[in-house]
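Input: a single structure, listed below in structure tokens.
Worth saying up front: this structure is predicted, and the values here are computed from it rather than measured. Below, each value reflects all heavy atoms present in this structure, side chains not excepted, and no hydrogens, waters or symmetry copies. Letters A, B, ... mirror the listed sequences (proteins, then strands); counts begin at 1.
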Amino acid sequence: MSQKAKTAITPTREENFPEWYQQVIKAADLAENSPVRGSMIIKPYGWAIWENMQGIFDGWLKDYGVQNASFPLLIPVSFLSKEAEHVEGFAKECAVVTHHRLEADPDGNGLRPAPAAELEEPYVVRPTSETIIGDAMARWIQSYRDLPLKLNQWCSVMRWEMRTRIFLRTSEFFWHEGHNAFEDHEGAKADCLHVLDLYEKFFTDVLAIDGFKGIKTEEERFPGANETYSFEVMMQDGKALQASTTHDLGTNFAKTFDIKYQTKDGGEALCHTTSWAFTTRMIGALIMMHGDDDGMIMPPRIAPQQVVILPVLKGENDEAIMAYCADIATQLKKKGIRAKVDARDMRTPDKMWDAIKKGIPLRVEVGGREMDEAQVTHVRRDLGRESKTTEALEEFVAGASGILDAIHDDMLTRVRSFRDENTHEGQTLADIEAFFKAGKTGLVKVPVSVLDDPGLEAVKKAYGLSARNMPFADNGQAVLIGKAY
RNA sequence: CGGGCUGUAGCGCAGUUUGGUAGCGCGCUUCGUUCGGGACGAAGAGGUCGGAGGUUCAAAUCCUCUCAGCCCGACCA
């Protein structure tokens, strides 16, 4: 207060956004780089977010009739090569397993793959599982009665990225991948749109994120898909991030893997398949959308810990205060709130900053003053000290989930305003160029006819732009252009 | 994979030009006073200077190779 406002994170977003992002991850103890190039270690606090994401979304998928299964990590190279566009898309970023045994290096340099143990057919570490699941589907589907078949797996995949960024683009990343098969195009398309709606609901209702639901342009489509639908979100630096996609694969994979069924009238027909996913990059999105110069701000519904209770001890009545805190935690837990007393042997201000950097949505401070009056003092992470409120314990417990909901709603509102303020209407390629030439950040929305402008490629190249998607909100008549992660 | 920058204590850095065998701040440990928005004093612990070769009496420092990270580009969830 007396000093200038000091931020917990250096540099600030304004000063250096990419570095700020790294520092938040470090300060909030979410993840770190590992000895493996391009692969991160997701630490317990970061993994807890992913577990919450899985827990919620998995339930929704099951409600939709999706069954979980597990397919091999290793995929025969021949499988991948079957679908021409698919191979082309992934071939250059596959890790390849060529040997099944190590032996002592004759030059004394530790171990090496044994030349005698070379595989006849190499495997690739799955970059995605369309092919191996397609192969299984071909055997599992016989009749129209077997359709639709809806499968999903939670797993990690590997894409050998040239340039990695923690959470946003790592060689190994975690995701869920759904793979469904339908009788016809209508079924597949409806599936893509339905799952896209589930994603939207997940982002808005759980992650307090909103963006643009739409269709990818032809060149941005998934390799092997007839149509790709995406949900694009905007980070605080104005760059877009593809938060999730659903793909209408048509009969492309059905043809190559022979996924056929007998129709009601005894004929034979190819299945229409889909695939869709979201990944651990969503954690990166949470940071870049919600974080501030003091660190992370967790959306309450995904926060590993929703409420932290800080005992303010002064050497008098400490035990009573601790007991009072424990009771508050118990009462909150009974209401289904993830609350915990921070009983660590640390100074109170240090605990506070730890909670701030980790982004715990609601901080409760309890000392002798509160205990004597049966009250609590609480502060919202998203609003900071200005939101400090003291109220009766009973009242607080009754209204706590309401406070968390209010935090969620306010975060979502802020994200939406930011998105709207940084989405600019344009009419021509010249509008796009003028915008980025001026060094502005955000997305520019122009009529789809601009995609046919022969000068578009040069402008995209000059400013590092790409077509994000064609939003449903504009009936596919407009396209969003901007920088992206 | 191209271009640029960077690897020195848990974190952030100085020292490298002009080789002489390592330092600062924060953090950490102990004690005391403290604790409601980043406390203070005192005493401590902690580094084969990313790795491997080489030059030299001597290498964080010079040379070669290599690994990793960041930024820009191409590619991508």
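- Residues A/R281 and A/K461 each lie close to RNA chain B; by heavy-atom proximity, the contact nearer the 5' end of the strand is made by A/K461.
- The existence of a salt bridge linking A/E386 and A/K388 is excluded, since no basic side-chain nitrogen approaches an acidic carboxylate oxygen closer than 4.0 Å.
- For A/K92, the side-chain atoms get nearest to B/rC75 when compared with the rest of B/rG36, B/rC75, B/rC70.
- Taking atom P in both B/rG15 and B/rG41, the straight-line distance is 27 Å, to the nearest Å.
- Taking atom P on both nucleotides, B/rG12 is separated from B/rC71 by 14 Å, rounded to a whole Å.
- A/A243 comes within 4.0 angstrom of no nucleic acid atom, judged by non-hydrogen atoms across all strands.
- A salt bridge does not link A/K26 with A/E32: every distance from a Lys NZ or Arg NE/NH1/NH2 to an Asp or Glu carboxylate oxygen is 4.0 Å or more.
- Taking atom CG of residue A/N16 and atom P of nucleotide B/rC72, one finds them 9 Å apart after rounding to whole Å.
- Heavy atoms of A/K26 sit under 4.0 angstrom from primed sugar atoms or phosphate atoms, though from no base atom.
- Across all strands shown, B/rU61 remains unpaired; no Watson-Crick or G-U wobble contact has both distances below 3.5 Å.
- Ionic pairing of A/E19 and A/R13 is not present here: no N-O contact between side-chain nitrogen and carboxylate oxygen is shorter than 4.0 angstrom.
- Atom NZ of A/K82 has more than 12 neighbouring heavy atoms from other residues, nucleotides or ligands inside a 6.0 Å radius.
- Applying the Watson-Crick and G-U wobble criteria (two distances, each under 3.5 Å), B/rC70 pairs with B/rG4.
- Side chain of A/R369, nearest nucleotide from B/rC1, B/rA77, B/rG36: B/rG36.
- B/rA45 and B/rA22 have their P atoms separated by 15 Å, given to the nearest Å.
- Side-chain atoms of A/A8 lie closest to B/rG38 of the nucleotides B/rG38, B/rC70, B/rC72.
- Base pairing annotation: B/rA9 forms no Watson-Crick or G-U wobble pair, as no partner gives both donor-acceptor distances under 3.5 Å.
- Going from atom CE of A/M346 over to atom P of B/rA39 covers 11 Å, rounded to whole Å.
- With a cut-off of 3.5 Å on both pairing distances, the Watson-Crick or G-U wobble partner of B/rU29 is B/rA43.
- Salt bridge absent: A/D205 and A/R301 never bring a charged side-chain N and a carboxylate O closer than 4.0 Å.
- Put simply, NZ on A/K483 is 7 Å from P on B/rG73, counting in whole angstrom units.
- Using a 4.0 Å heavy-atom criterion, one finds that A/Q242 contacts the sugar-phosphate atoms exclusively.
- In this structure, the CZ atom of A/R37 is 7 Å from the P atom of B/rG69, given to the nearest Å.
- Here A/K43 pairs with A/D29 in a salt bridge; the nearest charged N to carboxylate O distance falls below 4.0 Å.
- We find that A/D237 and A/K483 are not joined by a salt bridge, their nearest charged nitrogen and carboxylate oxygen being 4.0 Å or further apart.
- Look at A/Q22 and you'll find a side-chain N or O under 4.0 angstrom from OP1 or OP2 of B/rC70.
- Across the C1' atoms, B/rG44 and B/rG27 are found 14 Å apart, a figure rounded to whole Å.
- Residue A/K357 is in base contact, counting any heavy-atom pair closer than 4.0 Å across all strands shown.
- Residue side chain A/R347 reaches the base of B/rA39 through a donor-acceptor N/O pair under 3.5 Å, judged by distance alone.
- No contact: A/T245 has no heavy atom under 4.0 Å from any strand.
- Under the Watson-Crick or G-U wobble criterion, with both distances below 3.5 Å, B/rC75 has no partner in any strand shown.
- Partner assigned to B/rG36 is none, using Watson-Crick or G-U wobble distances below 3.5 angstrom.
- Only the C1' atoms considered, B/rC57 is 38 Å distant from B/rC11, to the nearest whole Å.
- As judged by a 4.0 angstrom heavy-atom cut-off over every strand, A/E32 is placed among residues making no nucleic acid contact.
- Candidate nucleotides B/rA77, B/rC72, B/rC1 were compared by shortest atom distance to the side chain of A/K239, and B/rC72 ranks first.
- Base pairing of B/rU18: no nucleotide in any strand meets the Watson-Crick or G-U wobble criterion (both distances under 3.5 Å).
- The distance between atom CG of A/D350 and atom P of B/rC28, rounded to the nearest whole Å, is 7 Å.
- In this structure, the CD atom of A/E161 is 16 Å from the P atom of B/rG73, given to the nearest Å.
- Nucleic acid contact class of A/I356 (heavy atoms, under 4.0 Å, all strands): base.
- Residue A/G384 is classed as a base contact, given a heavy-atom separation below 4.0 Å to a base.
- B/rU21 and B/rC62 have their C1' atoms separated by 16 Å, given to the nearest Å.
- Computed from coordinates, the A/E19 CD to B/rG69 P distance equals 15 Å when rounded to whole Å.
- Within 4.0 Å (heavy atoms only), A/T170 reaches at least one base atom of the nucleic acid.
- Atom-to-atom, CH2 of A/W353 to P of B/rG38 comes out at 8 Å; the value is rounded to the nearest Å.
- The base of B/rG36 lies outside donor-acceptor range of the side chain of A/K388, with no N or O pair under 3.5 Å.
- When the salt bridge (Lys or Arg N to Asp or Glu O under 4.0 Å) test is applied to A/R380, the partners found at least two apart in sequence or on another chain are A/D382, A/D410.
- Within 4.0 Å (heavy atoms only), A/L241 reaches no atom of the nucleic acid at all.
- Phosphate contact (OP1/OP2 of B/rC70, side-chain N/O of A/R163, threshold under 4.0 Å): absent.
- Taking atom P on both nucleotides, B/rU16 is separated from B/rA52 by 24 Å, rounded to a whole Å.
- Within the 4.0 angstrom heavy-atom criterion, base atoms lie near A/G368.
- Each of A/P18 and A/R221 has a nearest nucleotide on RNA chain B; the 5'-most of these lies closest to A/P18.
- To the nearest whole angstrom, the two C1' atoms, one in B/rC40 and one in B/rC35, are 12 Å apart.
- Ionic pairing of A/R344 and A/D354 is present here: one or more N-O contacts between side-chain nitrogen and carboxylate oxygen are shorter than 4.0 angstrom.
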